[in-house]
Amino acid sequence: MIWLVFTVAGCRAIHPFAEKSRAGLATAKSWANRGLEAFQCGHLSQAKGWFLKAANEDPGDFRMRANLARTFRQSGDLAEAIEQMSQAVELSRGDLELRIELGEMYLESGNWLTARRQAEIALDARQNFGPAWLLLGKTDKSAGDHASALANYQRAIGHGFSDSDVQMELVDVYQKMNQPFRALSTIEQMLSRYSGYDIPQEVLVSKSDILVQLNQLEPAIEILEQVVETDGNEQAYLKLAQALSLAGKDSQARLTLNEAKRLFPSNSDFDNQARSVSSGFEPRPDGVVAR
C-alpha cells in the first residue's frame with residue numbers, strides 16, 4: 001500500500017514538470033519563429049535576440065543554434081558564428097549540411113585548413129555528397145591549387161550537385177587558369193537556364209569580366225550598362241568605368257564615376273578610379289582589370 005501511494009505521488013510530481021517542459025518548448029518555438037521573420041526582413045539585431053532566447057530556452061535544439069550562427073555570420077561576427085555553428089553540429093551529431101556550412105564559415109574567416117577538414121569529415125561519411133566536394137575545391141583554390149579545385153568542382157557536379165555556386169566557382173577557376181573560353185562557355189550554360197528578368201547580377205558581371213579578358217570590350221560595356229541601369233551596385237559601376245576606359249571612352253568613364261560617387265559617397269574607390277582613368281588600364285590574365 002505504501003508503495004502504491006509513493007507511485008501516485010510520484011506521478012503527481014512529474015506531471016507539472018512535463019507541462020512546464022512542453023510550455024518551454026512551445027515558447028522557444030515561438031521565439032524562433034519571430035527570429036526567422038526578423039532575419040528574413042534583415043533585422044539582424046532583433047533576430048539575434050529572439051534566437052538567443054529560443055536557444056537558451058531549448059539548448060538542445062540544433063536548428064535554433066544554427067539559425068543563431070547564421071545571424072552572427074550575416075552581421076559580420078564570424079568568430080561567434082563559428083562557435084554557435086560548432087555547437088549546432090555537435091548537437092545534431094554531425095549533420096553533414098551543417099558541417100559544410102561550418103566549413104564555409106572557417107573558409108570565410110581565412111582558416112582554409114580547418115574548412116578543408118570539415119569537407120573531409122563529411123566525405124568520410126558520404127562520398128557522393130556534392131557540397132563537400134565544392135567546399136574541398138574552394139579550399140584548393142584558397143591554397144592556390146587551381147587544378148585540384150577544378151577537379152573537385154567537377155566531382156561535385158558529377159555527384160549531381162548542380163547549384164549555381166559550383167558553376168560560378170568553375171568560371172572563377174577557369175579565369176585564374178587563363179582559360180577564358182571555357183569560362184565563357186560555362187557562363188553561357190548558366191544563362192540559358194534563366195529567363196530575361198531573373199538573371200542574377202553577379203552572373204552578368206562575371207560574363208563582362210570574361211569578355212574584358214577576351215578584349216571584347218563593347219559587349220562587356222553593354223552588359224555592365226544593363227546591370228547598372230537595372231540595379232547597379234558599387235562594383236558594377238567600377239567595372240563599367242574600367243571597361244569604358246579600356247575602350248578609350250574616358251569621358252564616359254568619368255561620367256560613370258561621377259554618378260557612382262553621387263550614389264555611393266562613402267566609397268573612396270571611385271576617387272582612386274577617377275585618378276586612374278586618364279592613364280588607362282590593362283586586363284590581367286585572371287580577368288581582373290588593372291592599371
Group every Ile, Leu, Val, Met, Phe, Trp and Tyr by side-chain heavy-atom contacts under 4.5 Å, then state whether [X] and [Y] land in the same group.
| X | Y | value |
| --- | --- | --- |
| V89 | F129 | no |
| L263 | L238 | yes |
| L98 | F161 | no |
| F181 | I223 | yes |
| I210 | V205 | yes |

Q154 atom CD: more than 12 heavy-atom contacts under 6.0 Å: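 Check passes, neighbour count above 12.
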
Flag if over 12 foreign heavy atoms under 6.0 Å of CD, Q216: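 Yes, because the 6.0 Å sphere around CD of Q216 holds more than 12 heavy atoms from other groups.
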
Quick one: does [X]'s side chain get under 4.5 Å of [Y]'s, heavy atoms only?
| X | Y | result |
| --- | --- | --- |
| L102 | Y106 | yes |
| M190 | K207 | no |
| L217 | V212 | yes |
| M85 | I82 | no |
| I121 | L96 | no |
| P180 | Y174 | no |
| E90 | F62 | no |
| D250 | L244 | no |

E101: which of R73, Q118, R70 passes side chain to side chain donor-acceptor pair (under 3.5 Å):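 Testing each of R73, Q118, R70 against E101, the sole residue satisfying side chain to side chain donor-acceptor pair (under 3.5 Å) is R70.
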
Aromatic plane relationship, Y237 with F264 - under 30° parallel, 30 to 60° tilted, over 60° perpendicular: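 Judged by the thresholds at 30° and 60°, the geometry between F264 and Y237 is perpendicular.
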
Step-by-step side chain to side chain contact (heavy atoms under 4.5 Å, CB included) determination, E229 to E225: CA-CA 6 Å; E229 183 179 349; E225 286 176 338; 6.0 Å; no

What heavy-atom pair brings [X] and [Y] nearest, and what distance separates the two atoms?
| X | Y | answer |
| --- | --- | --- |
| M105 | L78 | O-CD2, 4.1 Å |
| N152 | R155 | OD1-NH1, 2.7 Å |
| L107 | S142 | CD1-OG, 3.4 Å |
| V166 | Y153 | CG1-O, 3.7 Å |
| H159 | Q127 | NE2-O, 3.7 Å |
| V171 | S206 | CG1-OG, 3.4 Å |

Just verifying a value: how many Å separate [X] [atom1] and [Y] [atom2], rounded to the nearest 0.5 Å?
| X | Y | atom1 | atom2 | answer |
| --- | --- | --- | --- | --- |
| N267 | E234 | CG | CD | 4.5 Å |
| E222 | S208 | CD | OG | 12.0 Å |
| D209 | K239 | CG | NZ | 3.5 Å |
| F72 | D77 | CZ | CG | 6.0 Å |
| L135 | R117 | CG | CZ | 12.5 Å |
| S164 | M168 | OG | CE | 8.0 Å |

Worked check of salt bridge (Lys or Arg N to Asp or Glu O under 4.0 Å) between D95 and R99: CA-CA 6 Å; D95 180 272; R99 186 175 292 284; over 6 Å; no

D61/R65 salt bridge by N-O under 4.0 Å criterion: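 The answer is no: the pair does not qualify as a salt bridge.
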
Indicate whether any N or O donor in one side chain lies under 3.5 Å from an N or O acceptor in the other, for [X] and [Y].
| X | Y | value |
| --- | --- | --- |
| N111 | T114 | yes |
| Q175 | Q179 | no |
| D145 | S148 | yes |

Intermediate values then yes/no, side chain to side chain contact (heavy atoms under 4.5 Å, CB included), Q167 and R193: CA-CA 12 Å; Q167 303 292 334; R193 297 198 294 268; 3.8 Å; yes

Side chain T256, main chain Q252, donor-acceptor under 3.5 Å: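 Yes.
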
Test log, rule side chain to side chain contact (heavy atoms under 4.5 Å, CB included), inputs L170 and I157: CA-CA 10 Å; L170 273 175; I157 294 171; 3.4 Å; yes

Pair D163-L134, side chain to side chain contact (heavy atoms under 4.5 Å, CB included): steps then yes or no: CA-CA 10 Å; D163 191 281; L134 171 59; 5.8 Å; no

